[in-house]
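For reference, the structure is listed below as structure tokens.
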2 protein chains.
Amino acid sequence: MSRRAQDGRPRAGRSTIYDVARVAGVSVGTVSRVLNGHPVGADSRKAVQRAMAGTGYVPNQHARQLAGARPETVAFLHCAPGDRLLADPNINTLLLDCLRALGDQNIMMITPVAGGGSPDVVSQTLAARLADPVLVFTAPRSSAAITSLVDRDIPVVSCGIPLGHERHVSYVSTDDRDGAQQIVTYLRSRGRRRIATVTAPMDLPGGVQRLAGYRDAVATFDPALVAHGDYTYAGAVTATEQLLRQAPDLDAIFAASDLMAAGVLAACAKAGRRVPDDIAVAGYDDAALALTTRPQLTTVRIPWHRYADQLTRHLLRRIDGDDPSGVVMPVELIIRGSA
Amino acid sequence: MSRRAQDGRPRAGRSTIYDVARVAGVSVGTVSRVLNGHPVGADSRKAVQRAMAGTGYVPNQHARQLAGARPETVAFLHCAPGDRLLADPNINTLLLDCLRALGDQNIMMITPVAGGGSPDVVSQTLAARLADPVLVFTAPRSSAAITSLVDRDIPVVSCGIPLGHERHVSYVSTDDRDGAQQIVTYLRSRGRRRIATVTAPMDLPGGVQRLAGYRDAVATFDPALVAHGDYTYAGAVTATEQLLRQAPDLDAIFAASDLMAAGVLAACAKAGRRVPDDIAVAGYDDAALALTTRPQLTTVRIPWHRYADQLTRHLLRRIDGDDPSGVVMPVELIIRGSA
DNA sequence: TTGTAGGCGTTATCAC
DNA sequence: GTGATAACGCCTACAA
């Protein structure tokens, strides 16, 4: 009932492959072939193309998908509350790179527009509707969202290691542990002895792994030198104040992100500590703002372009039915003025 | 080829309605009925539900859609560059209201994630993939995006009158012309005689209609009293400066949006003109910031909740195959300190 | 190279 | 109420 017949006048659109075949004087098979770039006689091809233009033919995606065609859309799921992450120019670059690469394959990206519901609700809904692969950002440990996708056999590719789902979802990541270790080791090589850290949220991979690298590198682990951040500037300020209170003698702070490092810088300034003289400060990501702080941030560079490349590669693989796989890329120490 | 068979172990998911029917010991018809809430015997229903849970059945959207089921997703297309609009709390409310209402109907909203491509490219792509209705925001005059959707027989519902497409797309709007007329008439009633205006972009409905209302209400039309804004704060500041230069004797400024009115306020302050004593200032929208400016803005209130209600109503109608239709809602003058 | 026919997973229309 | 069975629009062997 829901599809009301159109009144009299001949409407455009809504023509099928059969219509095209008829006006082109060929079989549907041939039409399908030109549609998919399969070998077809030059004349038939031209006839079909003319017919398609004439009838205003637009392929029905649902039918294609049903018939087993390659998915043409990947869903993007951003688990972080708000769109904090998307404000980061680096992540933006990452996303744009992916978009471009996928576009070349004629694949588009969509995202659920989140309403009042929790991200999990959204993803459940998502899972129920699209059988396409899902690209996930900022997936927290054992995310219910991912579980529901995996349970439904929907291929998931995660940006960063999906804690608790390593076996079932593809991922591309960087060697956070090594990066943190490198930077803390560097701080030690510069004579710093009381090195503190402002962590990322501990339910995110950046939280656990960068802290692990920190522990690897420090001589002895002092809980008073650890404060938990939440990837925000304000959170880092608070964390730093706490650190300064707990361990007034600290001589270095490693923040698990550049944005947080900026917060650390601000807090140090407010506390009257000079950077890097009194306190060395290091960040992570080599985000754009690493260059705009005073002093500029010593940090760990993530290879964003390669990252995007790997992401699309994995996405495409999952589309082609491959099993989940992960890759961890090496990372590079960038030394600037802050440490 | 693209669907590689899964290895040995029994996988969950991907079970069909046939599987469910088999384990439930009923026909697919019955399964479909419980799926869609059609009348079914209590015992069969229970058996089916048990079977669905057991097999981890998830309906295939593509198949449903192909078979003519009601679409379960509407696409959201925001034509404005950047996400300027979404920063507006009112618009956000609008969107959330829609989301909630659609959610009640079990309909989700998705949006293409825009890459480097122009909005038109995005919408073309969109048009080629989804046959679902599209909700459009900020559609400029004769938008190519809308044309391509309409040409493909994809139902479009516009937020605001879609200039150049009035006959082919549904829309809900408010009586901008009347609102502008009301507010300018009010300004005149307060003794203002040289009333200027900062318009919205002239390719958007708010641009042409609010200016039309202004012209309706002023005694004589003086081009020197008109400056074009672009819905931004900064643009309004510039426009106001221009106005002040062109017509130093003006005694009132009607801005086509509250955000722009805030810019007008700032420019007036900078120019040393007192509001409302020297210059009366009026806005439009009754946005949240209308209450935070000094003085608070006299403005035109748009009934956001009713707006959202109408929007979903029209969306639902189009889903049910109804022809395009539009509605224009009345608007209310809100008098505060600025004029 | 091209046509034919079967199948993809649901919904809806029939009879029963 | 329930079970067959045609669509729905496309893809892809298979045959010619």
Side-chain angles (χ1 to χ4, degrees), chain A residues 1-5 13-22 24-48 51-52 55-72 128-132 152-153 321, chain B residues 1-5 13-48 51-52 55-72 106 128-132 152-153 319-321:
Chain A
M1 299 301 91
S2 75
R3 263 186 203 164
R4 174 178 304 185
R14 220 78 338 170
S15 57
T16 78
I17 202 175
Y18 288 102
D19 301 323
V20 176
R22 182 158 28 74
V26 300
S27 77
V28 294
T30 300
V31 176
S32 176
R33 284 173 201 116
V34 345
L35 217 50
N36 297 290
H38 297 166
V40 163
D43 34 351
S44 317
R45 149 162 290 111
K46 231 183 327 193
V48 169
M52 294 204 298
T55 58
Y57 169 73
V58 177
N60 178 319
Q61 273 319 300
H62 299 300
R64 303 190 92 172
Q65 240 43 14
L66 221 209
R70 184 195 210 244
E72 292 192 328
R129 335 242 137 160
L130 308 170
D132 300 332
R152 287 172 167 77
D153 261 15
Chain B
M1 300 301 92
S2 74
R3 263 186 203 165
R4 173 178 303 184
R14 219 78 339 167
S15 57
T16 77
I17 202 173
Y18 287 103
D19 301 323
V20 176
R22 182 158 28 73
V23 344
V26 300
S27 77
V28 294
T30 300
V31 176
S32 176
R33 285 176 200 116
V34 346
L35 218 50
N36 297 290
H38 297 167
V40 163
D43 35 351
S44 318
R45 148 162 290 112
K46 234 187 318 197
V48 169
M52 295 204 296
T55 58
Y57 168 74
V58 178
N60 178 319
Q61 271 321 299
H62 298 301
R64 302 189 96 170
Q65 240 42 14
L66 220 211
R70 186 192 206 246
E72 292 191 329
N106 206 32
R129 333 241 139 163
L130 308 170
D132 300 333
R152 287 173 166 77
D153 261 14
I319 288 179
D320 285 340

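Not measured: the values here are computed from a predicted model. We name chains A, B, ... by the order of the sequence lines, and we start the count at 1 in each one.
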From the candidates C/dT2, D/dC8, D/dC11, the one with an atom nearest any side-chain atom of A/D43 is C/dT2
Rounded to whole Å, the CZ-C1' distance (A/R22 to D/dG9) equals 14 Å
| query | Cut-off 3.5 Å, side chains only: do B/R70 and B/N36 have a donor facing an acceptor? | reply | no
Taken to the nearest whole Å, CG/A/L66 to C1'/D/dC8 is 9 Å
In short, A/V48 meets A/T30 closest at the heavy-atom pair CG2-CG2, 4.4 Å
Residues of residues 26-37 of chain A with a heavy atom under 4.0 Å from any atom of DNA chain C, listed by number, are A/V26, A/S27, A/G29, A/T30, A/R33
Per atom distances to the A/T16 side chain, the nearest of C/dC8, C/dA12, D/dC10 is D/dC10
d(B/M52 CE, B/L35 CG) to nearest 0.5 Å is 5.5 Å
B/Q65 CD to C/dT11 P, in whole Å, measures 10 Å
**Prompt:** Below 4.5 Å, heavy atoms only, C-beta onward: do A/S44 and A/V34 meet side chain to side chain?
**Reply:** no
Tested for side-chain hydrogen bond (donor to acceptor under 3.5 Å, both in side chains) against A/H62, the lone hit among B/Q65, B/H62, B/Q61 is B/H62
- Query: Are any of the side-chain nitrogens in A/D43 or A/K46 under 4.0 Å away from the carboxylate oxygens of its partner?
  - Reply: no
Sorted by position of nearest nucleotide on DNA chain D, 5' first, the leading residue of B/A63 and B/V40 is B/V40
Under 4.0 angstrom between B/Y18 side-chain N/O and C/dG7 OP1 or OP2 | no
Whole-Å distance, A/I17 CD1 to C/dA5 C1', equals 14 Å
Nearest heavy-atom contact between A/S27 and A/A21 is C-CB, 3.8 Å
**Q.** D/dT2 phosphate, OP1 or OP2, under 4.0 Å from B/S44 side-chain N/O
**A.** yes
Nearest heavy-atom approach of B/I17 to B/S32 is CD1-N, 3.8 Å
A/D19 atom CG is separated from D/dC10 atom C1', nearest whole Å, by 13 Å
In whole angstroms, the gap separating P of C/dT10 from CZ of B/R64 amounts to 8 Å
Exercise for the section: Could you tell me whether the side chain of B/T16 reaches within less than 4.5 Å of the side chain of B/N60, counting heavy atoms only? Expected result: no
From NE2 of A/H62 across to C1' of C/dT11 the rounded distance in Å is 14 Å
If each end axis of the helix from C/dT1-D/dA16 to C/dC16-D/dG1 is fitted on five C1' pair positions, the angle between them, to 10 degrees, is 40°
